[in-house]
Amino acid sequence: MSSISCGGVVLALVGWVAPTVLLAQTAPGVTPGHLEMLRALEQIADDTPDTNQYQGDALARRLRAQVRGLPPGTPDQDMWEVRMQLGGAELRLGNLAEAIDQFTQARAIVGRSQGEIPAGVASDTSFQLGLAYFRLAETQNCVTTQTPDSCILPLGDRGVYTDQDASRQAILHFAEVLRNTPAESARYLEARWLFNISYMTLGGYPDWLPAQYVIPPHVFESQEQIPRFANIAVTLGLGALDTADLSGGAIGDDFDNDGYLDIVVSTMDARGQLRFFRNNQEGTFSERTDQAGLRGLFGGLNLVQADYDNDGNVDILVLRGAWLEQHGQHPNSLVRNNGDGTFTDVTFESGLGAVHYPTQTASFADYDNDGDLDLYVGNETTQEFRAPSQLFRNNGDGTFTDVAVEAGVENYRFTKAVVWGDFDGDSWPDLYVSNYGQANRLYRNNADGTFTDVAAALDVTGPEASFPAWFWDFDNDGVLDLYVTAYVAGTAHIAASLLDLPLDIELAKLYRGNGRGGFDEVARPQQLVHPNAPMGSNFGDLDNDGFLDFYLGTGTPLLEHVMPNVMYRNRGGTGFADVTFAGGFGTLQKGHGVVFADFDNDGDQDIFQQLGGAFPADRAGNAFYENPGFGNHWITVRLVGVESNRSAIGARIRVDIIEHGERRSIYKHVNSGGTFGANALRQTIGLGQASSIERLEVFWPTTGVAQIFRNVPMDRILEITEGEPRYETLQLETLTLRAEVLGSQR
C-alpha cells in the first residue's frame, strides 16, 4: 500500500465539548481519561477530511475546483487528465454517479481528440468506466440489498443480481478493453477477470461470454468437497446495511462471563463506532454498544483481547492509525471491562497513551513469566516518520512501562503483524514481527528481560512483502510452526494463476518447526503455492478433525482488486486443500478481522468476518458463516490462571485420544489465533472420530507445572483452574442461531 503526505493530525484537546463527549459524560464508566480519549478521537474525525488519504475528500475538492476552472480551449490532454483524476477520486469516495459522469466525459474527450491523446488511454478510460459501473452494481446488489449469497464466488442462481443495468454497462466497457489491450498485460487480465464476474452477476457465465475470454469453470471448483457454510449474518443482524463499514477488527469472546460468546467489531472509519453485540443465550445477538459505555470510541483497524489486570473480565485493545504514516498518530485504546456490562477507556491512566504511533497490530503475552500479561505493539516506521515498536511490561497494578529499548525490540520497521510463541520450547515466549517491505524478525527471549533477533540465522526473514503471521502447530507434532503471508497479489495475478500463466511474485512461507529450535520452509510440499493478498485472517478447526485450517481475508485498497477470500483445509498435516468454493467462503468483499469460535455451543467453530475496504466505496456488511457440522467429536477447554495470567495465554494443551484403535495427540497453544481478528481465548479442539480421551494435559509455563486429567468425557465444555485437581463441566445451552425479535429489550 502506498502513502500520500497531506498534512498532520492535531491531537491537542480543544476547549469546546463535542456532541459525542456530551453524550458520554452521563454514560457508565466515564472517567477523565475516558473523556480525554473521546475528545482526541473527535478531533481526529474532524481533521480526517483534510488529512486522511483514504477517507478524506481534500483531493476531490481540489480537483472539482480545477474542473470548474478549466478555461475554454484547454487542450484535450489536460482536460482528459483532470477528469480522469477527479473520476478516480469520486469513485474511491463512493460517489459513483459523479465518477461515472467524469469517466464518461473523459471517454468523450478521447473520442474527439483525433490522436492528440497518446494511444492506449482509450482502454484505460474504458476500464475505469467499467470499474465504476461494476462497483455501482456491487453496491446495489451486495451492500444495500445484501442476501446470504451476495457476492460469494462463484455466483450461483441465488447470487444473481436483481438490479442488472450497471453490470451490463460494465460488460460493455470491459469488452472494449479486452479488444484493444495486449493479452499479456496486467490490464487485460484485470478486465478479463471482472468481465467474467460481471457475466456471473447476470447468470450468464460461461455460456454468454465470447469463448476467447472465458475463464474456465473448473477453476471455481474446490480441490475437495465439504458441506456449505451458510452466511447468516443478515439473519442475525450482524451483516445488514446498518453494519456496513470500512475495514476493521473483530473479537469473539465472552465479555460478560455468562459462558456465551459475544462479538466486538471496529472499523478504520474515523467516525466509525466500536460496536458490542451481546449473545442473548437463545440464538440471537443484541447490540449493546451504548449500554456498555462505548459510544464515541471511534476508529480502529484491529482489535485484540485479554484480561490484562487479572480481574476475571476480558478487556479490549483497539489499534489505530495504520497506513497513515505521520498522519496516523492516533491513540490506541485500552478498554477495561468493568465486570458489570460496561467498559472504560483507561489508556492514559495505564501508561499506554504517552505517545501515539500508527499501528494495527499488537499481542499480549507474559514474556517475563511473572503472572501478568505484557503487551507488544508493532508500529509503522517509514522514511518520513520513525515509529519504534513498543514492549509494555505490566507493572501488576493496572499500569504499563515501555521497556522496548532495554529489551532490544524497537524494530523500527513497517510492522504489520506481531505474535508471541515459544518456538524453542524453553517456556519463555518468543516474538515474531512481520515487517512489510523489510526483513521480518524473530526475537528469541533470553529469559533475562532482553531478546535477540535470530530470524536471519534461522532463515525466517521472508517474505519481504509480509502481512499477517502466526504461530501454530499445523501438523500436531508438539512443536510450533510459523505461517507468514505475502501481501503482493492483485486481480491480474489471481487471473494469471487461474489461467496457468507464469507468475513471478512472492508467495507465503510455511516454516515447520523442526524440534531442534529451527525451521524448515514447507509451503510448496504443503500445497500452499497460490497467490493471494491476505489482510484479516485466522486459523481454527473447520471439521473438528484435530488439525488446524485457516481462512484468508484478501484484497488491497485498490478498487479493481476484487478477489475471493480463501479457505484452506488441513489434510491431516500432510498438505492443505483449497475448499473456498465448496464451503461458500469466497466472498468478493475485502476481508478483514476473522474469528473462529463456537458461538452456538454445538461443538464446532463458526466463522465471523468483518468485511470492508479502506476507501468509502468499499463499505460492506459483515459475514457470519454457520458451521453445518462434520460429525466429529470435540472438547472445549476454558483455562483460568491463578499463578499464571488469568487468561492463560501461553499455556499449552495436549489431548491424547484413541481413534480407530490407535493413539494420537492433538496440541493447542492458548492465544487468540492469528494477527488480524481474534478467536475466543477458550479453546475448542476437534477430536475427529475418537472413541475416548485417554489423557488431557495442561502445561503452565509460568510455574512449569502440568495438570493431567484422565478419561475425560468428550463433547463437553470444561473449565480448568490452575492448580485445582478437578475440572468443572460448564452447562451451556446449545443454541439455534436466528434473528432477534424486533423491539425486544434485554
Side-chain angles (χ1 to χ4, degrees), residues 57-141 161 163-183 185-199 201-202 204 208-210 213 491-492 558-562 615-618:
D57 66 348
L59 175 61
R61 283 185 274 125
R62 179 176 62 78
L63 290 168
R64 289 169 194 152
Q66 189 173 344
V67 166
R68 289 192 299 269
L70 287 173
T74 299
D76 283 346
Q77 173 75 31
D78 295 343
M79 292 179 64
W80 174 83
E81 285 183 357
V82 71
R83 289 201 180 275
M84 286 292 289
Q85 291 176 29
L86 178 55
E90 300 286 15
L91 178 58
R92 291 186 291 273
L93 289 171
N95 301 327
L96 301 178
E98 292 84 348
I100 289 170
D101 178 60
Q102 293 300 323
F103 290 139
T104 299
Q105 294 194 57
R107 191 169 180 272
I109 293 169
V110 172
R112 69 169 186 257
S113 69
Q114 298 181 343
E116 180 182 333
I117 297 177
V121 299
S123 291
D124 288 339
T125 309
S126 294
F127 180 85
Q128 294 300 329
L129 189 51
L131 179 62
Y133 276 113
F134 182 94
R135 284 296 184 173
L136 176 60
E138 182 182 27
T139 299
Q140 292 170 334
N141 294 274
Y161 285 0
D163 190 338
Q164 299 186 349
D165 290 346
S167 284
R168 294 182 185 278
Q169 289 295 320
I171 285 171
L172 293 176
H173 298 295
F174 290 141
E176 184 175 338
V177 177
L178 293 171
R179 289 192 299 268
N180 297 291
T181 306
S185 69
R187 180 65 85 208
Y188 176 92
L189 291 170
E190 289 172 338
R192 185 170 174 182
W193 171 256
L194 296 173
F195 190 61
N196 278 254
I197 295 176
S198 296
Y199 268 108
T201 70
L202 304 179
W208 298 356
L209 277 85
Y213 302 138
T491 299
L558 298 180
L559 297 183
E560 60 266 33
H561 285 177
V562 179
F615 293 110
D618 242 344

Work out which heavy atom in [X] is nearest to a heavy atom in [Y]; give both atom names and the distance.
{"X": "A492", "Y": "L189", "value": "O-CD1, 3.8 Å"}
{"X": "Y188", "Y": "A183", "value": "CD2-O, 3.3 Å"}
{"X": "R92", "Y": "L559", "value": "CA-CD1, 3.9 Å"}
{"X": "H561", "Y": "T491", "value": "CA-OG1, 3.0 Å"}
{"X": "N141", "Y": "A137", "value": "ND2-O, 2.8 Å"}
{"X": "L93", "Y": "A60", "value": "CD1-CB, 3.6 Å"}

Any chance you could measure [X], atom [atom1], to [Y], atom [atom2], to the nearest 0.5 Å?
{"X": "E176", "Y": "L129", "atom1": "CD", "atom2": "CG", "result": "9.0 Å"}
{"X": "S167", "Y": "L202", "atom1": "OG", "atom2": "CG", "result": "5.0 Å"}
{"X": "S198", "Y": "R168", "atom1": "OG", "atom2": "CZ", "result": "11.5 Å"}
{"X": "R64", "Y": "N95", "atom1": "CZ", "atom2": "CG", "result": "6.0 Å"}
{"X": "L136", "Y": "D163", "atom1": "CG", "atom2": "CG", "result": "7.5 Å"}

Could you check Q105 against D101 for side-chain hydrogen bond (donor to acceptor under 3.5 Å, both in side chains), going step by step and ending with a plain yes or no? CA-CA 6 Å; Q105 294 194 57; D101 178 60; 3.1 Å; yes

Do the side chains of [Y] and [X] get nearer than 4.5 Å, heavy atoms only?
{"X": "F195", "Y": "I171", "value": "yes"}
{"X": "E90", "Y": "L86", "value": "yes"}
{"X": "R62", "Y": "Q66", "value": "yes"}
{"X": "D618", "Y": "R135", "value": "yes"}

Check the angle between the aromatic planes of F174 and F127 and answer parallel, tilted or perpendicular using the 30° and 60° thresholds. tilted

So, E81 versus Q77: side-chain donor-acceptor pair below 3.5 Å or not? yes

Any luck finding a side-chain donor-acceptor pair between D165 and Q169 under 3.5 Å? no

Show, in sequence, the C-alpha distance, side-chain angles and deciding distance for H173 and R107, and conclude whether the side chain to side chain contact (heavy atoms under 4.5 Å, CB included) test is met. CA-CA 11 Å; H173 298 295; R107 191 169 180 272; 4.1 Å; yes

Give the intermediate values and the outcome of side chain to side chain contact (heavy atoms under 4.5 Å, CB included) for residues Y133 and L172. CA-CA 10 Å; Y133 276 113; L172 293 176; over 6 Å; no

Donor-acceptor contact present, side-chain S185 to main-chain P182, <3.5 Å: yes

Between T201 and Q164, does the side chain to side chain contact (heavy atoms under 4.5 Å, CB included) criterion hold? Intermediate values first, please. CA-CA 8 Å; T201 70; Q164 299 186 349; over 6 Å; no

